[in-house]
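Numbers restart at 1 for each chain; the letters A, B, ... are given by sequence-line order, proteins then strands.
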Amino acid sequence: MTVRTRFAPSPTGYLHVGGARTALFSWLYARKHGGKFVLRIEDTDLERSTTESVNAILEGMTWLGLEYDEGPFYQTHRFDRYNEVIDQFLEAGKAYRCNCPKERLDKLREEQMANKQKPRYDGHCRGQHVAPDEPHVIRFINPQEGTVVFEDMVRGKVAFQNSELDDLIIRRTDGSPTYNLTVVIDDLDMQITHVIRGDDHLNNTPRQINILKAMGAEPPRYGHVPMILGDDGARLSKRHGAVSVMQYHHEGYLPEALLNYLVRLGWSHGDQEIFSIDEMVELFDIEDVNKAPSAFNTEKLLWLNQHYIKSDDPARVARLLSPHMGELGVDPAEPPELKDVVAMQADRAKSLLDLAVLCAVFYKDEIEYSEKGAKKNLKTAVVEPLNKVKEKIAALEDWSQENLHAIIHGTAEELDLKMGKVGMPLRFAITGGIASGDLDHTLYLTGKEACIKRIDRALEYIQQQG
RNA sequence: GUCCCGUUCAUCUAGAGGCCUAGGAUAUCGCCCUUUCACGGCGAGUACAGGGGUUCGACUCCCCUACGGGACGCCA
């Protein structure tokens, strides 16, 4: 039997990190077992479903690289099939029409709550004859005795009393089928073998198993993964900041960093923190996922992002960085080569946004000084060393890091100054205070012409300050 | 309210009855490296929710309590 998993979001918003993690687990499970990963769009809620949301979800999956093998399938295209099953149920006496007015249902619920009972439909219309042409819903006849037991891949054995369940609606008054019915039919028709989903669905599982049994089918295996909480331990929501996967894209996160972070949330493999996609596929096991919800921690995500920024191929990082450079108004196509700048600057960036700022100075005509930095670094005392370095640079024919290194150190020696007295103002003159790598490396990438220009400008600035 | 589920450092986690003086990672702090900022290296503090059992022995098994989350919809 080939493994078939699925991701089945409802298109009522963007792809959020919780959904992304569930999708990742599902995808990993399929990949690990050489199976198929199916994407299904659960859009039976006509009111709230939008194509923008579908696109947003697709976009998020693509960015993360969670490619699906089949789909996307839309539930709205499958109404005939759902109705077929509902009609069969009706014929076989496994479902019935119900015309209980809302008022009756509300009252029932209130009474049950007052009696400290779980609110549930009382089966009032079970024996009644409701004519097909009057407004009605269809309810599934749920067994009222016995227990539904299943072995969940993450929770272990889970049992629900049938007496806790009621006759749920499977077709609305407007004729549209409802969630618990459609998932069951789809998972069956799409031959899903392993249903990996958020644990907010745990309570739906016994109902779905009962429907499946009524169809004479065997239930798939289930794995309910705990949800993700915000930093404060409360359910993740917009007030926690970025929740949408694409938001992370825009904020300069690498997809592999988010993936790595997400896979470690609720799952681990010994002491290992860094996982390539291949390692995830090889090592991940849904059975090892924790049962408890975990809190999303941006600090750790940031650490992983930095890790990938500094250890990925600089050429690749440069490609991802380019658009962000453009946003800062510089053109990274000009020399120096962006990948060289990235190679030098990557260590100090936690995001591509940071990195863009760090790299932009190498492409600007005019750099800005921070007031505090200028006050500290550009004093009359530094005029002499700056001038000297400038002269030597101007005379330098072979533009190499080694020669620049020699110039800087030579100047310090000649003037009998400590390295810092030469290096600090020089670095400030060249970068305007932006952190960068070795001074000679920084000068080298900045280029001869720009170096001279920037030193001149610093000297001018000092003169103006008097 | 009822049902279901969960609970190890601030956070993510290791732990399958003796390996635990509870390990790793992030964050924090300190030291080292260093022409800056980082990176890197080394080090520090911080946790088994509480109470009862079972056992020679419990973070690990059982029960109760507390706390947290989920579900209870003509949403998915």
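Across all strands, A/K310 comes closer than 4.0 Å only to sugar-phosphate atoms, never to a base (heavy-atom distances). Within 4.0 Å (heavy atoms only), A/N204 reaches at least one base atom of the nucleic acid. Here A/F160 lies in heavy-atom contact (under 4.0 Å) with sugar-phosphate atoms only. Within the nucleic acid shown, A/T431 has no heavy atom closer than 4.0 Å to any nucleic acid atom. Across all strands, A/H201 comes closer than 4.0 Å to base atoms (heavy-atom distances). Here A/G437 lies in heavy-atom contact (under 4.0 Å) with a base. When heavy atoms are screened at a 4.0 angstrom cut-off, A/R48 is found touching base atoms of the nucleic acid. Looking at heavy-atom distances under 4.0 Å, A/N115 makes no contact with the nucleic acid at all.
Listed nucleotides: B/rC72, B/rC4, B/rC37. Nearest to the side chain of A/A435: B/rC37. Out of B/rC12, B/rA76, B/rU35, the shortest distance to the side chain of A/T178 is found at B/rA76. Picking from B/rC37, B/rG6, B/rC72 the nucleotide with the shortest atom distance to the side chain of A/R348 gives B/rC37. Of the listed nucleotides (B/rG69, B/rC74, B/rU35), B/rU35 has the atom at the smallest distance from the side chain of A/D438. Minimum atom distance to the side chain of A/E164 is reached by B/rU2, of the listed B/rG1, B/rA76, B/rU2. Taking every side-chain heavy atom of A/S268 into account, B/rA14 is the closest of B/rC12, B/rA14, B/rU35. Taking every side-chain heavy atom of A/M113 into account, B/rG1 is the closest of B/rC3, B/rG6, B/rG1. The side chain of A/L439 approaches B/rU35 more closely than any other nucleotide in the set B/rA76, B/rU13, B/rU35.
Spacing between atom CG of A/D152 and atom C1' of B/rG6 amounts to 13 Å, rounded to whole angstrom units. Rounded to a whole Å, the CZ atom of A/R21 is 8 Å from the P atom of B/rU13. We find that CG of A/L181 is positioned 15 Å from P of B/rC74, with the value rounded to whole Å. In this structure, A/L202 atom CG and B/rG69 atom C1' are separated by 12 Å, rounded to whole Å. Atom C1' of nucleotide B/rA71 and atom CG of A/N180 are separated by 11 Å, given to the nearest angstrom. Rounded to an integer number of Å, the gap from CG of A/L165 to P of B/rC72 is 11 Å. Rounded to whole Å, the distance from CG on A/N203 to C1' on B/rA76 is 14 Å. Nucleotide B/rU13 holds its P atom 12 Å from the CG atom of A/L262, rounded to whole Å.
Base pairing of B/rG40 is made with B/rC32, judged by Watson-Crick or G-U wobble geometry with both donor-acceptor distances under 3.5 Å.
Nearest heavy-atom pair, A/A458 versus A/A429, reported as atom, atom and distance to 0.1 Å: CB-CB, 3.7 Å.
Checked against A/D167 for a salt bridge (charged side-chain N to carboxylate O under 4.0 Å, His left out), the options A/K94, A/R126, A/R120 give a single hit: A/R126. Shown are A/Y261, A/F284, A/Y308, A/W267; of these, the ring-ring contact (aromatic ring centres under 6.0 Å, His included) with A/F275 is made only by A/W267.
Between the side chain of A/T51 and the backbone N or O of A/V54 there is no donor-acceptor pair closer than 3.5 Å. A distance-only check finds no donor-acceptor pair linking the side chain of A/D438 to the backbone of A/D440 [under 3.5 Å]. Within the 3.5 Å criterion, the main-chain N or O of A/V154 finds a donor-acceptor partner in the side chain of A/D152.
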Worked check of ring-ring contact (aromatic ring centres under 6.0 Å, His included) between A/F25 and A/H194
CA-CA 11 Å; A/F25 286 177; A/H194 300 258; over 10 Å; no
Does the pair A/D189 and A/R40 meet the rule for a salt bridge (Lys or Arg N to Asp or Glu O under 4.0 Å), with working shown?
CA-CA 12 Å; A/D189 288 356; A/R40 181 170 75 227; over 6 Å; no
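Using a 4.0 Å cut-off between charged nitrogen and carboxylate oxygen, A/R264 and A/E273 count as a salt-bridge pair. The residues A/R78 and A/D43 are annotated as not salt-bridged, no charged nitrogen and carboxylate oxygen being separated by less than 4.0 angstrom.
Seen from the ring of A/Y369, A/R457 counts as a face-on cation partner, given the 6.0 Å and 45° thresholds.
For the P atoms, the distance linking B/rG52 with B/rA44 amounts to 34 Å, nearest Å. A distance of about 24 Å separates the P atoms of B/rA27 and B/rA22, rounded to the whole Å. For B/rC12 and B/rA47, the C1' atoms lie 13 Å apart once the distance is rounded to whole Å.
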Polar-atom pairs under 3.5 Å, protein N or O versus N or O of nucleotides 25-32 of chain B: list them with distances, or write none.
from, atom 1, to, atom 2, distance (Å)
B/rA25, O4', A/E273, OE2, 3.3
B/rU26, OP1, A/W303, NE1, 3.4
B/rU26, O2', A/K300, N, 3.3

Any N/O pairs under 3.5 Å between the protein and nucleotides 16-18 of chain B? List them or say none.
none

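Residue A/T173 places a side-chain atom within donor-acceptor reach of the base of B/rC74, judged by atom type and a 3.5 Å distance cut-off alone.
Contact annotation: A/R109 side-chain N/O to B/rG73 OP1/OP2 distance is under 4.0 Å.
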